[in-house]
Amino acid sequence: MIIQLKSNIDPAQKEAIIKKVNSFKFETNEVVTQKGSYLIGIGTKEFDIRQIGNMPGIADIHIVSDSYKLVSRKWKVKPTIIDLGDGVTVGQGSLAIMAGPCSIEGEEQIVETIAHLKANGIKIMRGGVYKPRSSPYAFRGMGIDGLKIWYKHAKAAGIKIVTEVMQVSQIEPMLDFVDVFQVGARNTQNFNLLDALGKIDKTVMIKRGISGTIDELLYSAEYVFSGGNEKLILCERGIRTYEKASRNTLDLNAIPILKEKTHLPVIADPSHGIGIRRHVAAMALASIMAGADGIIYETHSNPYKALSDGQQTLDFRESEKLCKRMKAAYELLSSF
Ligand code: PEP
Ligand code: MN
């Protein structure tokens, strides 16, 4: 059960609601986010919510049978649209395109990538400054100094930044230079990180874990939401299966299933999803047809020289072509 409290509720009214809910053998957890205050009631017995629905201080109340609550569509039917400012949104009604290199490698690369994005109307740039690499000897990113250089150019060009945060201690130093914090597939169930991201007022994009189920991804989002941060995007990025022909298996099924289960925007990452450059476009277009609210993909002026994930990275010519096709696909879908 979720009870949304009125913003002007007085403490005595809140106390009375909690007492009443507890009397039905429901435990209450209070959640305060940027957008509202909620009481999450957890209990096993059914009861008629009309018994408390008209108590003073209650704005809205629903029984939500899913084990995740606040991210459930049973709580909020209307899709959430994330507003990144300057007219840049992610969610129902538009296709969000996020593109850029796997890793931020230097100023020249930043400048040429931004020029490419601008030329193609892409408003969100991806790139890692902290890179989770399977081998400790591989390039692990430019860190906060790289992020600051990137921010300087992105800000001047009106481009938003999505980048991965790998640990709690990185959040604070990164905060002023990031528009969307990415939680990588290796960190989807890093609950300390999720708790900490619940405390900030910045959008968080959570990628599906390498072996994570759809429900586990929703639980991860519930961690951040219940920590106080409603600004969330989910990303299907492929899961590990027995198949060896592709790097991962982009789970297209997850897109309509997630869109049905949650009100949060759902985007897809075909680059990591298939891991093979020549097939990235097909999976991007398929994801749009499956209902994705956006696509995040890797592009680089010279993928053969990229310091990470070159094998799945599009060059700018391929990226431009994909961009046009994605917009056409999205329009086609929206026209029916
Ligand atoms: C990335 O976006 O470059 C990345 C490392 O993603 P993932 O966490 O999905 O592997
Ligand atoms: Mn990558």
Side-chain angles (χ1 to χ4, degrees), residues 1-82 91-92 183 188-204 206 208-209 212-234 254 256-266:
M1 174 178 58
I2 302 179
I3 301 170
Q4 182 162 16
L5 303 174
K6 286 192 174 151
S7 55
N8 61 355
I9 188 169
D10 71 46
Q13 288 173 332
K14 189 157 80 184
E15 205 46 47
I17 297 166
I18 292 173
K19 232 172 143 184
K20 186 83 174 179
V21 172
N22 293 158
S23 76
F24 293 108
K25 302 236 173 327
F26 270 65
E27 266 181 40
T28 47
N29 299 265
E30 191 172 355
V31 169
V32 181
T33 73
Q34 310 102 340
K35 298 186 183 162
S37 292
Y38 312 87
L39 290 175
I40 314 300
I42 306 290
T44 46
K45 283 204 342 212
E46 297 262 309
F47 79 91
D48 187 345
I49 53 175
R50 283 173 299 186
Q51 290 172 279
I52 53 170
N54 57 3
M55 289 181 77
I58 293 182
D60 200 2
I61 177 164
H62 279 287
I63 294 288
V64 179
S65 50
D66 294 332
S67 15
Y68 41 84
K69 306 282 179 198
L70 290 156
V71 302
S72 169
R73 243 196 218 262
K74 292 190 180 131
W75 164 244
K76 188 167 175 272
V77 179
K78 240 180 80 195
T80 290
I81 295 173
I82 301 295
Q92 200 88 357
V183 175
T188 310
Q189 289 193 311
N190 179 341
F191 300 116
N192 290 333
L193 184 62
L194 298 175
D195 275 340
L197 291 168
K199 302 277 171 283
I200 62 167
D201 189 10
K202 271 281 154 79
T203 301
V204 176
I206 310 180
R208 182 172 176 188
T213 64
I214 291 172
D215 271 7
E216 281 165 347
L217 175 59
L218 290 164
Y219 277 122
S220 297
E222 186 81 11
Y223 257 89
V224 180
F225 199 133
S226 65
N229 188 358
E230 295 196 20
K231 297 174 180 171
L232 283 160
I233 300 167
L234 303 181
I257 292 174
L258 279 167
K259 295 271 298 172
E260 183 180 55
K261 284 176 179 274
T262 179
H263 52 84
L264 299 173
V266 176

### Query
For His62, which residues count as a ring pair (Phe, Tyr, Trp, His ring centres under 6.0 Å) partner, sequence neighbours excluded?
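Residues passing ring pair (Phe, Tyr, Trp, His ring centres under 6.0 Å) with His62: Trp75.
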### Query
With sequence neighbours left out, what residues match Phe24 under ring pair (Phe, Tyr, Trp, His ring centres under 6.0 Å)?
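Scan of Phe24 (ring pair (Phe, Tyr, Trp, His ring centres under 6.0 Å), adjacent residues dropped) gives Phe47.
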Looking at side-chain heavy atoms only, is the closest gap between [X] and [Y] below 4.5 Å?
{"X": "Leu39", "Y": "Val21", "value": "no"}
{"X": "Gln189", "Y": "Ser220", "value": "yes"}
{"X": "Ile61", "Y": "Met1", "value": "yes"}
{"X": "Ile9", "Y": "Ile17", "value": "yes"}
{"X": "Gln34", "Y": "Asn229", "value": "yes"}

[X]: what forms a side-chain contact (heavy atoms from CB on, under 4.5 Å) with it, not counting sequence neighbours?
{"X": "Thr203", "result": "Ile82, Leu84, Val180, Lys231, Ile233"}
{"X": "Lys261", "result": "Tyr68, Ile214, Asp215, Leu218, Ile257"}
{"X": "Tyr223", "result": "Phe191, Leu194, Asp195"}

### Query
Has the side chain of Gln92 got a donor or acceptor atom that lies under 3.5 Å from a matching backbone atom of Pro265?
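Pair absent, no side-chain N/O of Gln92 close to backbone of Pro265.
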### Query
For Ile2, does its backbone N or O pair with a side-chain atom of Lys69 as donor and acceptor, under 3.5 Å?
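Absent.
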Among residues at least two apart in sequence or on other chains, which ones pass side-chain hydrogen bond (donor to acceptor under 3.5 Å, both in side chains) with [X]?
{"X": "Ser23", "answer": "none"}
{"X": "Glu260", "answer": "none"}
{"X": "Glu230", "answer": "Thr33, Tyr38"}
{"X": "Ser72", "answer": "Asp66"}

### Task
Locate the shortest heavy-atom distance separating Tyr219 from Ser67; write the atom from each residue and the value.
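For Tyr219 and Ser67, the tightest heavy-atom pair comes out as OH-OG, 2.7 Å.
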### Task
Sequence neighbours left out, what pairs pass side-chain hydrogen bond (donor to acceptor under 3.5 Å, both in side chains) with at least one residue falling in residues 3-20?
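Sorted result for residues 3-20: Lys14-Glu30.
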#### Entry: Gap between atom CG of Leu264 and atom CG of Leu232 - 0.5 Å precision
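Leu232 atom CG to Leu264 atom CG measures 5.5 Å (nearest 0.5 Å).
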### Task
Rounded to the nearest 0.5 Å, what's the gap from CG on Leu258 to CG on Leu217? Could you check?
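The CG atom of Leu258 sits 5.5 Å away from the CG atom of Leu217.
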Distance-only criterion, 3.5 Å: show the donor-acceptor pairs between side-chain atoms of residues 48-59 and protein atoms not counting sequence neighbours.
from: Asp48; atom 1: OD1; to: Arg50; atom 2: N; distance (Å): 3.0
from: Asp48; atom 1: OD1; to: Arg50; atom 2: NE; distance (Å): 3.2
from: Asp48; atom 1: OD2; to: Arg50; atom 2: NE; distance (Å): 3.2
from: Asp48; atom 1: OD2; to: Arg50; atom 2: NH2; distance (Å): 2.8
from: Gln51; atom 1: OE1; to: Asp48; atom 2: N; distance (Å): 3.4

### Message
Could you walk me through whether Ile40 and Leu70 satisfy the side chain to side chain contact (heavy atoms under 4.5 Å, CB included) test, starting with their C-alpha distance in whole Å, then the side-chain angles of each, then the deciding distance to 0.1 Å, before giving a yes or no?
### Response
CA-CA 8 Å; Ile40 314 300; Leu70 290 156; 3.7 Å; yes
### Query
Who passes salt bridge (Lys or Arg N to Asp or Glu O under 4.0 Å) against Lys76, sequence neighbours left out?
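Lys76 satisfies salt bridge (Lys or Arg N to Asp or Glu O under 4.0 Å) with no other residue.
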